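Keep in mind that this is a model prediction, so the values were computed, not measured.
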Amino acid sequence: MPEETLSYNAIQSIIITGLAKDNDGNDVPLAMSRTDPLPAKTAIFVPSDGRYSTHAKAMIIKDVPDIPKAVNSAAPKRIELRIHLEMLLTPSVGDHGDDDDNSEIDGNGSGEEHDTDDYASPRARHSTVYSVRVLSQDGDPLYVPPLIVKIAPERQGRKLASEAGAYQALECLHGSVIGRAYGYFRAEVNLRQLRIKPWSGNKFDGPRGDFDIFRMPNTAASLNILVMERLKPIPLHSLDEAEAKQVQEDLTCIVEDLIKVGYEYPDWNTSNIMRPFPSPPGIPPTPSPFQTRAYRVLLVDLEEASRTNCAPYIIRSFTESRIEQVIREWLVARDSY
C-alpha cells in the first residue's frame, strides 16, 4: 500500500460508471474533470454610523482572521480515478435553500414540473450521496480511502459549487474539524440522450419510453459532483451520557477552531456530525491545528457555512444552544430505544 495518502488537490479527473444510462438502458461512463468551485458563502457586516448603535458595532470584528495554509496544499502528485456508483447512503439534509437563479423547470422552459413518479423534479432540494467503489487509478501511487460522491439536484449545482468552495477554503481543517474533500467535478450532459440516476426517479433502469413533447429534457444540464471521504454516521441511540459529554466537548472546541479561521457553521443537526471511518481502510483523524489532540467527530455539509466578521461571542451564544439541542436528541433517542 502506498505510504502517501490522497491529498485534496490530487484527483484531476474521474470516470464514473453506474451514474448515467442511454435511452436503451446501457450504462454510459462519464468523464469529469476537476473544476474550480465557486467562492464560499460570506456574511460580512459593514455598519454605518447613521444606522448602527455602539452595541451593534460591538457585534462585529474589524479584521476577519486569515486561514492557515494546509500542510499538503501544494502536493504535486496527480491521479485519475475510475469509480463505480454503489450504495445510496442518504440524501443530504443540508440542501434546503432557494432554487438557483435559473427558475425554469423543463428544457423547453414550460415551467411545468415533471411527475414525481417517473422523473425527479429539477427543483429537488436535496443532494444525493452515494458510496463508490474505486475500479482503477492511474498516475502517482497514492492511498485512496473509502469515498463518497455528493451529487447536486439538476437545478442546485450552484449551491454545491459554493459548498465545494468552503471545503477548499478550509483545507487546513480537513480531517480534523471537517471531513476531507477531494475535489469538485462538473460536466454538461444532454438529458435527451442520457438519464442521470438521482435525477431519474424510478425510470432509471430499462429502455426509455417516448418523450413527452411538452416536458422535453434539458439538453445542457449541469452535473455537479463533490468527491469526499466516507465517514460513519452516529446512530441516534448509540451515545450514553459519558460519550455524549465527550462529543459535546469536541463540538465546542470545533466551534472555537472555526472562529479562529473566521467561519461560522449554522447547520447543527445529528446527521451532520460523523465519526471517522475505521482505519484501515479509512484515514485516521488528524489533530486540530489549534489544539493538541484529534477530535472524535467531524462536521459535514458546509452549504450554510460562511466566512464572517460576526463577533465570537455572538457565534458562541448561537451555537451553544444548538449543540445542546443536538446532544439532547441523542440522549432522548437512547432513552426511548
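Judged purely by atom type and a 3.5 angstrom limit, Asp22 has no side-chain atom pairing as donor or acceptor with the backbone of Leu194. Under a 3.5 Å cut-off, the side chain of Ser288 and the backbone N or O of Phe290 do form a donor-acceptor pair. In this structure, Arg208 contributes its side chain and Asn23 its backbone to no donor-acceptor pair below 3.5 Å. Of the possible donor and acceptor atoms, one in the side chain of Tyr265 sits under 3.5 Å from a partner among the backbone N and O of Val300. Without hydrogens or angle criteria, Gln137 side chain to Leu142 main chain gives a donor-acceptor distance under 3.5 Å. Thr308 places a side-chain N or O within 3.5 Å of a backbone atom of Ala43 that can act as its donor or acceptor partner. With His174 contributing its side chain and Tyr167 its backbone, the two residues share a donor-acceptor pair below 3.5 Å. A donor-acceptor pair is defined here as one N or O able to donate and one able to accept, closer than 3.5 Å; such a pair exists between the side chain of Trp199 and the backbone of Ala152. Side chain of Glu304 to backbone of Asp301: no donor-acceptor contact under 3.5 angstrom is found.
Looking at Ile67 and Tyr263, their side chains come closer than 4.5 Å, going by heavy atoms from C-beta outward. Proximity of Ile79 to Ile11: side-chain heavy atoms (C-beta onward) are separated by under 4.5 Å at one or more points. Within the 4.5 Å cutoff, the side chain of Thr292 has no heavy atoms near those of the Pro287 side chain. Side-chain contact between Lys41 and Ser162 is present, with at least one heavy-atom pair separated by less than 4.5 Å. Contact check for Asp250 versus Val247: no side-chain heavy atoms found under the 4.5 Å cut-off. By the 4.5 Å heavy-atom criterion applied to side chains, Ile16 and His84 are not counted as neighbours. A 4.5 Å side-chain heavy-atom check between Arg230 and Ser131 finds at least one atom pair inside the cut-off. Proximity of Leu298 to Glu229: side-chain heavy atoms (C-beta onward) are separated by under 4.5 Å at one or more points.
Between the side chains of Tyr295 and Asp257, at least one donor-acceptor pair of N or O atoms lies under 3.5 Å. Looking only at atom types and distance, the side chain of Ser222 has a donor-acceptor partner in the side chain of Arg186 under 3.5 Å away.
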**OP:** Show the numbers, then the answer: is there a salt bridge (charged side-chain N to carboxylate O under 4.0 Å, His left out) between Glu303 and Lys159?
**Re:** CA-CA 7 Å; Glu303 294 97 337; Lys159 182 181 289 290; over 6 Å; no
**OP:** May I have the step-by-step check of side-chain contact (heavy atoms from CB on, under 4.5 Å) for Phe185 and Thr35, ending in yes or no?
**Re:** CA-CA 5 Å; Phe185 301 81; Thr35 303; 5.6 Å; no
Original post:
Could you go step by step and tell me if Ser7 and Asn9 meet the side-chain hydrogen bond (donor to acceptor under 3.5 Å, both in side chains) rule?
Top reply: CA-CA 6 Å; Ser7 61; Asn9 58 357; 3.3 Å; yes
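With a 6.0 Å cutoff to the six-membered ring centre and a 45° limit on the axis angle, Arg34 counts as a cation-pi contact of Tyr8.
In this structure, CE in Met274 is found 8.5 Å from CD1 in Ile234, a value given to the nearest 0.5 Å. Here the straight-line distance linking atom CD1 of Ile273 with atom CG of Leu231 works out to 12.5 Å at 0.5 Å rounding. Here the straight-line distance linking atom CZ of Phe277 with atom CG of Leu147 works out to 10.5 Å at 0.5 Å rounding. Considering NZ of Lys150 and CD1 of Ile225, their distance stands at 13.0 Å, rounded to 0.5 Å. How far CD of Gln291 is from SG of Cys253: 4.5 Å, rounded to the nearest 0.5 Å. Taken to the nearest 0.5 Å, the CD1 atom of Ile315 stands 5.0 Å off from the CD1 atom of Ile259.
Linking ILVMFWY residues whenever their side-chain heavy atoms come closer than 4.5 Å, directly or via other members, leaves Ile15 and Leu19 in distinct clusters. No continuous path of hydrophobic side-chain contacts links Leu38 to Tyr182 [ILVMFWY only; heavy atoms under 4.5 Å].
Within 6.0 Å of the CG atom in Asn26, the count of heavy atoms belonging to other residues, nucleotides or ligands exceeds 12.
Of all heavy-atom pairs spanning Ser200 and Arg195, the tightest one is OG-CB, 3.5 Å.
A salt bridge does not link Arg334 to Glu241: none of the charged side-chain nitrogens sits closer than 4.0 Å to a carboxylate oxygen.
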